[in-house]
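Worksheet: the structure to be examined is printed underneath.
If you're wondering where the values come from, they're calculated on a predicted model, not measured in any experiment.
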Amino acid sequence: MSDFDALFRAAGVTGWLYAADIDSGRDVGHRPDEPVPTASMFKVPLLVALCRQADAGLLDLSERVTVTAGDRVPGATGVSAMLDEVTISLRDLAYLMITVSDNTSADLLLHRVGFDAVNAVPAEFGLDGTRVTQSARELLGSMSVDAGHGWPFVDPEDIARLSALDPARTNRSTPRELARLFGMIWRDEAASAESCAWMRGVFNMQVWPHRLASGFPYDDVAVSGKTGTLPTLRAESGVVEYPDGRRYAVAVVTRSFSTALNQPRADAVIGTAARMAVDHLRK
């Protein structure tokens with residue numbers, strides 16, 4: 001739809017979008033099948049893989065682990081930002097991984113679950129464009145190596161060198177596949193019904209209101225999801241649920257023309273584009 005192209009361009013970004021009615025399958029997209037870096041959205045198939053292993057009796061979500069200083073991955077939230085050792089359950093690590101995008105929690109769970117089990121999730125569901133190849137530590141470390149220095153990364157030449165922004169060299173998916181995975185969680189197809197219900201609750205507790213949720217500022221519309229952020233990349237995938245029972249899986253990914261760190265328009269257009277897509281599906 002040309003309307004999406006104009007909307008993204010006016011916000012100073014290139015955009016990719018896919019939205020679908022979870023129950024009817026009616027959909028709308030803008031470049032929905034192009035590969036994109038997932039950034040922190042790689043934590044969604046990781047969460048599904050964790051739940052599937054719990055369903056199979058391969059791990060106990062109440063199992064407690066102690067996080068040491070050596071386990072910590074750079075990040076401004078959750079266990080990553082703490083200074084002392086923390087003893088916590090796998091379930092609560094998963095909660096932190098999704099709600100505040102805690103990188104340390106993600107990497108501890110990725111080590112526990114394993115890359116093969118995480119990548120078995122999209123493979124089983126026919127999501128052939130989705131793959132997890134890096135931990136959070138590896139992804140963040142690659143940027144310092146590629147740029148030759150640490151954070152921040154704002155020089156256009158540095159940005160051009162970042163493998164973390166190249167879907168061929170990092171964790172990747174497509175807007176259609178990101179939304180499809182959320183649709184399977186909401187239809188109890190991704191894991192057991194009990195696990196899917198728990199995942200829905202965790203996604204609904206994500207704290208960031210400035211992307212998908214900004215397009216639906218209503219008390220009776222529930223927005224659940226997972227954001228992803230890298231230099232010039234802002235994204236979120238998730239589900240929007242209306243009081244009439246209709247529900248929509250949405251994924252929006254943007255790359256900004258500017259390398260500035262703070263770009264409120266680039267964040268807000270994710271919600272605006274999602275609202276435009278959902279309005280189209282509700283007609």
Side-chain angles (χ1 to χ4, degrees), residues 16 18 34-53 73-80 90 93-143 146 162-185 190-191 199 202-203 206 208 211-212 224-239 249-255 270:
W16 298 260
Y18 179 78
E34 293 184 14
V36 292
T38 50
S40 280
M41 293 185 296
F42 85 88
K43 296 163 185 172
V44 179
L46 171 54
L47 182 69
V48 174
L50 177 76
C51 286
R52 289 169 68 87
Q53 288 200 349
V73 179
T77 61
V79 180
S80 291
L90 297 179
L93 285 173
Y95 158 78
L96 290 173
M97 172 180 76
I98 298 300
T99 59
V100 297
S101 202
D102 177 28
N103 291 328
T104 297
S105 293
D107 277 11
L108 287 166
L109 294 174
L110 181 57
H111 178 74
R112 184 71 170 78
V113 172
F115 281 99
D116 289 346
V118 175
N119 286 310
V121 169
E124 179 176 335
F125 297 150
L127 307 178
D128 298 329
T130 301
R131 190 156 179 84
V132 177
T133 61
Q134 294 175 300
S135 66
R137 186 187 299 275
E138 291 168 334
L139 190 155
L140 295 171
S142 74
M143 293 194 290
D146 294 339
L162 299 185
S163 59
L165 295 172
D166 178 359
R169 296 186 287 165
T170 190
N171 299 332
R172 61 190 176 271
S173 188
T174 70
R176 187 189 304 270
E177 293 191 2
L178 288 165
R180 282 184 60 196
L181 184 54
F182 270 99
M184 285 184 276
I185 295 169
M199 285 191 281
V202 172
F203 285 119
Q206 182 188 228
W208 318 121
R211 292 184 181 166
L212 277 185
S224 309
K226 180 70 198 76
T227 60
T229 308
L230 287 170
T232 71
L233 184 143
R234 293 163 178 81
E236 187 168 358
S237 50
V239 171
V250 185
V252 186
V253 179
T254 69
R255 285 286 309 273
I270 292 174

Donor-acceptor pair, side chain of Ser105 and main chain of Ala94, under 3.5 angstrom: no
Using the test salt bridge (Lys or Arg N to Asp or Glu O under 4.0 Å), find all partners of Arg172 that sit at least two apart in sequence or belong to another chain. none
CG of Leu93 to OG1 of Thr104: how many Å apart, nearest 0.5 Å? 9.5 Å
All heavy atoms of Ala235 vs all of Arg211, minimum pair found to be O-NH1, 3.4 Å
Contacts of Glu34 meeting salt bridge (Lys or Arg N to Asp or Glu O under 4.0 Å) (sequence neighbours excluded), chain-then-number -> Arg31
For a 4.5 angstrom cut-off between non-hydrogen side-chain atoms, does Glu177 reach Pro122? no
Nearest 0.5 angstrom please: Leu162 CG to Met143 CE, how far? 6.5 Å
Work out which heavy atom in Thr77 is nearest to a heavy atom in Trp208; give both atom names and the distance. CG2-CH2, 4.1 Å
Does the Thr254 side chain pair with the main chain of Arg234, one donor and one acceptor, at a distance under 3.5 Å? yes
Heavy-atom closest pair, residues Pro175 and Trp16: CG-CB, 3.6 Å
Residues 107-117 side chain polar contacts: donor-acceptor under 3.5 Å, at least two apart:
residue, atom, partner, partner atom, Å
Asp107, OD1, Ala136, N, 2.8
Asp107, OD2, Arg137, N, 2.9
Arg112, NH2, Glu63, OE1, 2.9

Of the non-hydrogen atoms in Thr130 and Ser173, which two are nearest, and what is the gap between them? OG1-OG, 2.6 Å
Would you say that Arg52 contacts Glu124 through its side chain, given a criterion of any heavy-atom pair below 4.5 Å between the two side chains? yes
How long is the straight-line distance from CG of Leu165 back to CG of Leu233, given to the nearest 0.5 Å? 6.5 Å
With sequence neighbours excluded, tell me which residues meet side-chain contact (heavy atoms from CB on, under 4.5 Å) with Ser163. Ser142, Asp146, Arg169
To the nearest 0.5 Å, what is the distance between CG (Leu212) and OG (Ser224)? 10.0 Å
Distance in Å, Met199 CE paired with Met184 CE, rounded so as to fall on 0.5 Å steps: 10.5 Å
Shortest non-hydrogen separation from Gly126 to Arg180 and the atoms involved: O-NH1, 4.0 Å
Hits for ring-ring contact (aromatic ring centres under 6.0 Å, His included) against Phe203, two or more places apart or cross-chain, chain-then-number order -> Phe182
CZ of Arg255 to CG of Leu230: how many Å apart, nearest 0.5 Å? 9.0 Å
Check: Thr174 side chain, Gly129 main-chain N or O, donor-acceptor pair, under 3.5 Å: no
Verify, without hydrogens or angle tests, whether Ser80 (side chain) and Val73 (backbone) share a donor-acceptor contact under 3.5 angstrom. yes
Taking every heavy atom of Ala251 against every heavy atom of Leu178, the minimum-distance pair comes out as CB-CB, 3.9 Å
List, one per line, each side-chain donor-acceptor pair under 3.5 Å for residues 37-49, sequence neighbours excluded.
residue, atom, partner, partner atom, Å
Thr38, OG1, Asn171, O, 3.3
Ser40, OG, Lys43, NZ, 3.1
Ser40, OG, Ser101, OG, 3.2
Lys43, NZ, Ser101, O, 3.0
Lys43, NZ, Ser101, OG, 2.9
Lys43, NZ, Asn103, OD1, 2.9

